[in-house]
2 protein chains.
Amino acid sequence: MAEKSKFWYLKNINIFDGMDDVQMGHIEKMTTMTYVDKHRPIYFPEQPSNNIYFLKEGHVKLSRIHEDGREIILDVLGPGEILGELSLIEEGGQKELAEALDNVLICTMNKRDFETMVMNNPALNLRLTKWVGLRLRRFEEKMSELAFKDVNKRIISFLIRYAEDFGKIKGGTVTIPSFLSHQEIAYLTATSRQTVTTVLNDLKTQRLIDFSRKEFAIKNFDKLRQLSL
Amino acid sequence: MAEKSKFWYLKNINIFDGMDDVQMGHIEKMTTMTYVDKHRPIYFPEQPSNNIYFLKEGHVKLSRIHEDGREIILDVLGPGEILGELSLIEEGGQKELAEALDNVLICTMNKRDFETMVMNNPALNLRLTKWVGLRLRRFEEKMSELAFKDVNKRIISFLIRYAEDFGKIKGGTVTIPSFLSHQEIAYLTATSRQTVTTVLNDLKTQRLIDFSRKEFAIKNFDKLRQLSL
DNA sequence: TTACAAATGTCGGGAAGGCGACAAACTCAA
DNA sequence: TTGAGTTTGTCGCCTTCCCGACATTTGTAA
């Protein structure tokens, strides 16, 4: 039996809130747990998919890949988030690639089962809508950022968001273990690898952030936030 | 009594599909119809909102405005689409500005009424989720476009999408009455007004499109589509 | 330890496109 | 029809940042 609160908690919304153990047991029975190694795909673009996934541990990136090899990461998901939910809306599966950023544990549920479950549980459904809505909000945010901010500010904004979402407070500074590569940050902020390197080093020189190849820390949140606007 | 099919039809999903006249009558009672003139706002950013809107006639743009006056249009909605649905997910209303692009007729429903209705109608709920999901898809698309394509291709892609969504076939060519201003196209494609003017005139010289201040037509869809990739 | 791959750091040329400036064309109301 | 306000057309400068090239550092497996 899963621990409800940990297993299924969505960022701001626990979509299984208020369910009793019997109901949760049903859900358990319909799901399969899988481990996915770092850099392994969870689903491919255009691949017909009948599954919806719940991310229990680790991080997953959703990205789109252009034929010339360029890539943009649309979103990075952490524990407690749903992915593949867009397969609900149409046939033909997703348009994005979902890939594990570290070692990931996911629960898989058949899309039909999920639909049935949702149909029988209006409150859950409403919460799912809210969840998709939140994601929509995040995208809106990202899009305005892409349009309004220069590279510098985009990268800074990203660092802040990333630290807020995935960072751990450790001795006054916010630390993120297992940092992304510069190339991945470039994909996330729609810029080039070289520019990321330069900007990050600038910020390090200014003592606003600090990082090695495996850890990243924000030293001065306030100043950084100021620079991001 | 509203004509169901016309009144409530969402782009790909009729969210009131399968309802009988009694149910539709209930819905009617909970909605108010309003006319909004061209260039008038429907709702403002940050303004607490308790309403959800159904667009019956006309077009609405959703945009975000930066403090320095720059603007990006996130989406343009046509008849049959929903707006304000994100107010469902959180307090504090929307982050965008919704403004009428032409003369608009909208139906307003209280957010609580809508929630109740949705709770009592799981199928409707699922369709709403799909609707938000579709919008999410559109945003993903737009974001990758912003990241991958140069200004030229972005503008061309926009013209195609715009024609497909809102154009009328008239004597072999697709025509759109009441064209947007170059400034508005610039907001939509995240570029500058001058660049839009230049690109459009280039395309006109190549006889791929044609336009005056009040009408716009695509002469060669295929070629244009080719140039947009 | 060594060897190899991958990630990072640094430089400079060059293209894209933002932006100010201004003229011309159009729109509309008085 | 006249004049004011808006939209469109055109030019050129100048910033941003992409991108290739290459050196250096770090991680890792033998």
Side-chain angles (χ1 to χ4, degrees), chain A residues 37-39 61 66 68-73 99 101-102 144-159 176-206 209-216 227, chain B residues 37-39 66 68-73 99 101-103 145-159 176-206 209-216 227-228:
Chain A
D37 288 342
K38 185 170 178 171
H39 296 311
K61 70 170 185 186
H66 205 241
D68 62 11
R70 280 180 298 165
E71 175 179 344
I72 179 178
I73 300 181
E99 193 183 291
L101 283 175
D102 37 30
S144 0
E145 216 158 74
L146 223 52
F148 293 143
K149 294 183 180 174
D150 61 19
V151 170
N152 217 319
K153 290 179 179 174
R154 286 211 300 278
I155 293 177
I156 295 177
S157 300
F158 160 74
L159 294 174
I176 305 173
S178 144
F179 196 43
L180 299 163
S181 74
H182 294 185
Q183 181 60 74
E184 279 169 318
I185 298 176
Y187 288 150
L188 272 157
T189 50
T191 178
S192 70
R193 195 224 90 217
Q194 293 95 319
T195 305
V196 171
T197 302
T198 310
V199 170
L200 286 183
N201 282 315
D202 269 11
L203 294 171
K204 193 195 239 175
T205 309
Q206 294 178 253
I209 65 172
D210 198 10
F211 62 93
S212 68
R213 297 213 171 177
K214 41 178 62 162
E215 244 196 8
F216 168 83
L227 288 175
Chain B
D37 288 341
K38 187 170 180 172
H39 296 311
H66 205 240
D68 61 12
R70 280 181 298 165
E71 174 178 345
I72 179 178
I73 300 181
E99 194 182 290
L101 283 175
D102 36 30
N103 293 328
E145 214 159 76
L146 222 50
F148 293 142
K149 295 183 180 174
D150 61 20
V151 170
N152 217 319
K153 290 180 178 174
R154 286 211 301 279
I155 294 177
I156 295 177
S157 300
F158 160 74
L159 295 175
I176 305 174
S178 146
F179 197 43
L180 298 163
S181 74
H182 295 185
Q183 181 60 74
E184 279 170 317
I185 297 175
Y187 289 151
L188 272 158
T189 51
T191 180
S192 70
R193 195 225 91 218
Q194 293 94 320
T195 304
V196 170
T197 301
T198 309
V199 170
L200 287 183
N201 283 315
D202 270 11
L203 294 171
K204 191 193 241 175
T205 309
Q206 294 179 252
I209 65 173
D210 198 10
F211 61 94
S212 67
R213 297 213 171 179
K214 41 180 60 161
E215 243 197 6
F216 168 83
L227 288 176
S228 79

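The chains referred to below are lettered A, B, ... by the order of the sequence lines, with proteins before strands, and numbering in each begins at 1. None of the values given here were measured: they were computed from a predicted structure.
- dG9(D) atom P lies 11 Å from atom CD1 of I185(B), rounded to whole Å.
- Note: CD (E184(B)) to P (dT7(D)) measures 8 Å, nearest angstrom.
- The phosphate of dT6(D) has neither OP1 nor OP2 within less than 4.0 Å of any side-chain N or O from H182(B).
- Here the C1' atom of nucleotide dT6(D) and the CG atom of L180(B) are 16 Å apart, to the nearest Å.
- No side-chain heavy atom of N152(B) sits less than 4.5 Å from a side-chain heavy atom of L227(B).
- When the P atom of dT8(C) is taken as reference, atom CZ of F216(A) falls 13 Å away, rounded to whole Å.
- When side chains are defined from C-beta on, F216(B) does not count as touching L180(B), because their heavy atoms never get closer than 4.5 Å.
- In plain terms, the two heavy atoms of D210(A) and K204(A) that are nearest each other are OD1-CE, 3.5 Å.
- Shown are Q183(A), K61(A), H66(A); of these, the side-chain hydrogen bond (donor to acceptor under 3.5 Å, both in side chains) with E71(A) is made only by K61(A).
- Exactly one residue among V199(B), I73(B), V196(B) makes a side chain to side chain contact (heavy atoms under 4.5 Å, CB included) with I185(B). That residue is V196(B).
- The distance between atom CG of L200(B) and atom C1' of dT10(D), rounded to the nearest whole Å, is 14 Å.
- The closest side-chain heavy-atom distance from L200(A) to L159(A) is below 4.5 Å.
- Following rounding to the nearest Å, Q183(B) (CD) and dG9(D) (C1') show an atom-to-atom distance of 15 Å.
- For the pair E215(A) CD and dT8(C) C1', the interatomic distance rounds to 18 Å; values are reported in whole Å.
- Taking atom CG on D202(A) and atom P on dT16(D), their separation rounds to 13 Å, with Å as the unit.
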Original post:
If the sugar-phosphate is the primed atoms plus P, OP1 and OP2 and the base is the rest, what is the B/S/- string for nucleotides 14-30 of chain C, using protein heavy atoms under 4.0 Å?
Top reply: ---SSBBB---BS----

